[in-house]
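Values in this document were obtained by computation on a predicted structure and should not be read as measured data.
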Amino acid sequence: MSLEEPLRKTEQEIMPDHTAKIKKVDGYDIYPYFNLGDQKIFSGIETLCDYIVDHKTVVIDGYVGVYWDRLITAITNELQLRSLQVNLVDFGKAMKSEEEIIRITAPFMGQEDSVWGKKTTLSLKDYFNVERIKTVFPDQHASVNILIGTGAALAGWEANLIYVDMPKNELQHRMSAGSISNLGISDPQEQMEMYKRFYFIDWVVLNAHKKQLSNLIDVFVDAQWEGKINWALANDIRNGMEKMSNTLFRARPWFAPGAWGGQWMKKHMSQLDQNEVNYAWSFELIVPENGIVFQSSGLLLEVSFDTLMFTQNENILGRHAEQFGAEFPIRFDFLDTFDGGNLSIQCHPGLEYIQDQFGEDITQDETYYILDCKADASVYLGFKDDIQEGDFKKVLEESNLHGIEVDIEKYVQVHKAKKHDLFLIPNRTIHSAGAQNLVLEISATPYIFTFKMYDWLRLDLNGKPRPINIEHAFKNLDFSRKGAQVQKELIAKPIVLSEEVGQTCYHLPTHQDHFYDIHRLDFDTSITVETDNVCHVLMLVEGSSISVTTADGSSMSFQYAETFVIPAAADSYTIVNHSDQQAKVIKAFLK
């Protein structure tokens, strides 16, 4: 890559490295952070090199997507200015050949034209030449020894360990620009293949490696910015995560445009770049791709959400920790179709299918909570009573082959959408969000396994057809979800669970296939909730702002449409309404 080529492809600005650079707003904040205390985060290569020199021998490991060549150059130049004898070893040179890596990863890449592969069973060590690793030693005559590169900790040096992390959203902006490539691959691939390799292979082996290192890391480095870094001692980060896991927090959301995307988020989230064509998704809490941000003396540092789960999963998940381990099972995201288009007509795989075909543990059971909508908004859900499987498949195949428009309402039910409705979408159910909605999707964590059957004959934002997956869909569709059964079983009917003066708790029952449930808390002034050793994921869905205080006295404020997490270990929390109207808060939790 030449230095003139863009390092990231997006209209959206990179997260600021300092709070002074954040535009302050009254409403939704796209840059939430958790306070570490003063003087816990440091800035710049120079200060990191001070740490390296003090410790004389260090290992610098980290994630795919880091500009390793630039980091090596910056460290080398700084240490040369200090006239030190430096032995810097690039661990990337111990990696197996690209041809060998392609060979061993091929079984997990799926078909060449497919969106999906299968979650790899490889480990990071499989990428490296074991004999070559054994020959890498510190130089006893050097002033400073540095072993650097993804996987460097595999060499087993007795040295302080520095870990360089890369947020998934920034990694994907770099991927779109072609400025990075996959692990062990020299040149960027076509984007779909590149993301598929990240999701099913690179991220899997690197997350497992990071988990093994989670209590061994001495320094965390955030390398998402061009030409600068922020870093912190790992013990300070771990202490921050322990406190976070006993109180409350927000993950950092991120946003992406799409073929059907709308304008609601652009209008209501003023920190978002207004030059983006639309925003289709907000990754509010899709934790395989979210990060958590720490703040100290104004400096910001982001680590991946799984870093929290590796060490604090019992505090976070409580009595469900054994069941889900380090995986966070609930996701919140926005689907914005305001002045946009309909989502594709789609379904998600059954549990056995996603396990056998793609290597996932749980499947994509969803609900659509209507946060906002226009008068003509609708949701497609369930089949018409007279659906004929063969006829429907034939119409879809002819549409896909010949570009023929489908009268989808002849086959699929359309339901009027109103604010605060909850539509239930267990796996194998045909569905789509219609235009003019802001959908809060409350779901199980898997998030890319969408089998599109009909996409309204439109192209993606790059002018290419979006993949249609009729064969996958018809191996999963439940054709018994039709007729009157849809209204009865797939649209939640709110039930009053408890009622006191000025506050009501509603149960919005989910489907029997969902492993999570949903309550809505409506209150005038305040309400107190017990966690009962269960993690709660919440959002203010009506009203302007609230403050939340947990049992230990920790308190944070949240604005309309912000997602936040109350860990099981918080025990209880009190929500205070700061709006000039009744507040409504959605609470999702594991059954």
Holding to salt bridge (Lys or Arg N to Asp or Glu O under 4.0 Å), I want the full list of residues that pass it with [X], two or more places apart in sequence or in another chain.
{"X": "R331", "answer": "D333, E366, E441"}
{"X": "R458", "answer": "D455"}
{"X": "K168", "answer": "none"}
{"X": "K243", "answer": "none"}

Quiz prompt | Listed once per pair and sorted, the salt bridge (charged side-chain N to carboxylate O under 4.0 Å, His left out) pairs that draw on residues 546-574, sequence neighbours left out | solution = R250-E562

Practice problem: Would you list the pairs meeting salt bridge (charged side-chain N to carboxylate O under 4.0 Å, His left out) in which at least one residue belongs to residues 259-271, sequence neighbours left out? | Solution: none

Practice problem: For the residue pair M166 and V64, establish whether any side-chain heavy-atom pair is separated by less than 4.5 Å. | Solution: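 Result no, sub-4.5 Å side-chain heavy-atom pair not found.
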
Any ion pair linking [Y] and [X] (charged N to carboxylate O, less than 4.0 Å)?
{"X": "K584", "Y": "D522", "answer": "yes"}
{"X": "D38", "Y": "K40", "answer": "no"}
{"X": "E78", "Y": "R82", "answer": "yes"}

What pairs with [X] under ring pair (Phe, Tyr, Trp, His ring centres under 6.0 Å), at least two apart in sequence or on another chain?
{"X": "F523", "answer": "none"}
{"X": "W260", "answer": "W281"}
{"X": "Y369", "answer": "H420"}
{"X": "Y31", "answer": "none"}

Practice problem: Only counting residues at least two apart or in another chain, list the ones meeting side-chain contact (heavy atoms from CB on, under 4.5 Å) with S544. | Solution: S579

Counting only pairs under 3.5 Å, give me each side-chain donor-acceptor contact of residues 298-305, with atom names and distances, residues two or more places apart or in other chains.
| residue | atom | partner | partner atom | Å |
| --- | --- | --- | --- | --- |
| E302 | OE1 | Q224 | NE2 | 3.1 |
| E302 | OE1 | R252 | NE | 3.0 |
| E302 | OE1 | R252 | NH2 | 3.0 |
| E302 | OE2 | R252 | NE | 3.4 |
| S304 | OG | K210 | NZ | 2.6 |
| S304 | OG | D306 | OD1 | 2.4 |
| S304 | OG | T307 | OG1 | 3.0 |

Quiz item: Parallel, tilted or perpendicular: which describes the rings of W264 and H268, with under 30° parallel and over 60° perpendicular?
Solution: parallel

Quiz item: Relative to F589, does K587 satisfy both conditions: NZ or CZ under 6.0 angstrom from the six-membered ring centre, and within 45 degrees of the ring's axis?
Solution: yes

Quiz item: Between T445 (side chain) and F328 (backbone), is there a donor-acceptor pair under 3.5 Å?
Solution: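 Here the side-chain-to-backbone pair exists.
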
Exercise. Supply the atom-to-atom distance I229 CD1 to F220 CZ, rounded to the nearest 0.5 angstrom.
Key: 14.5 Å

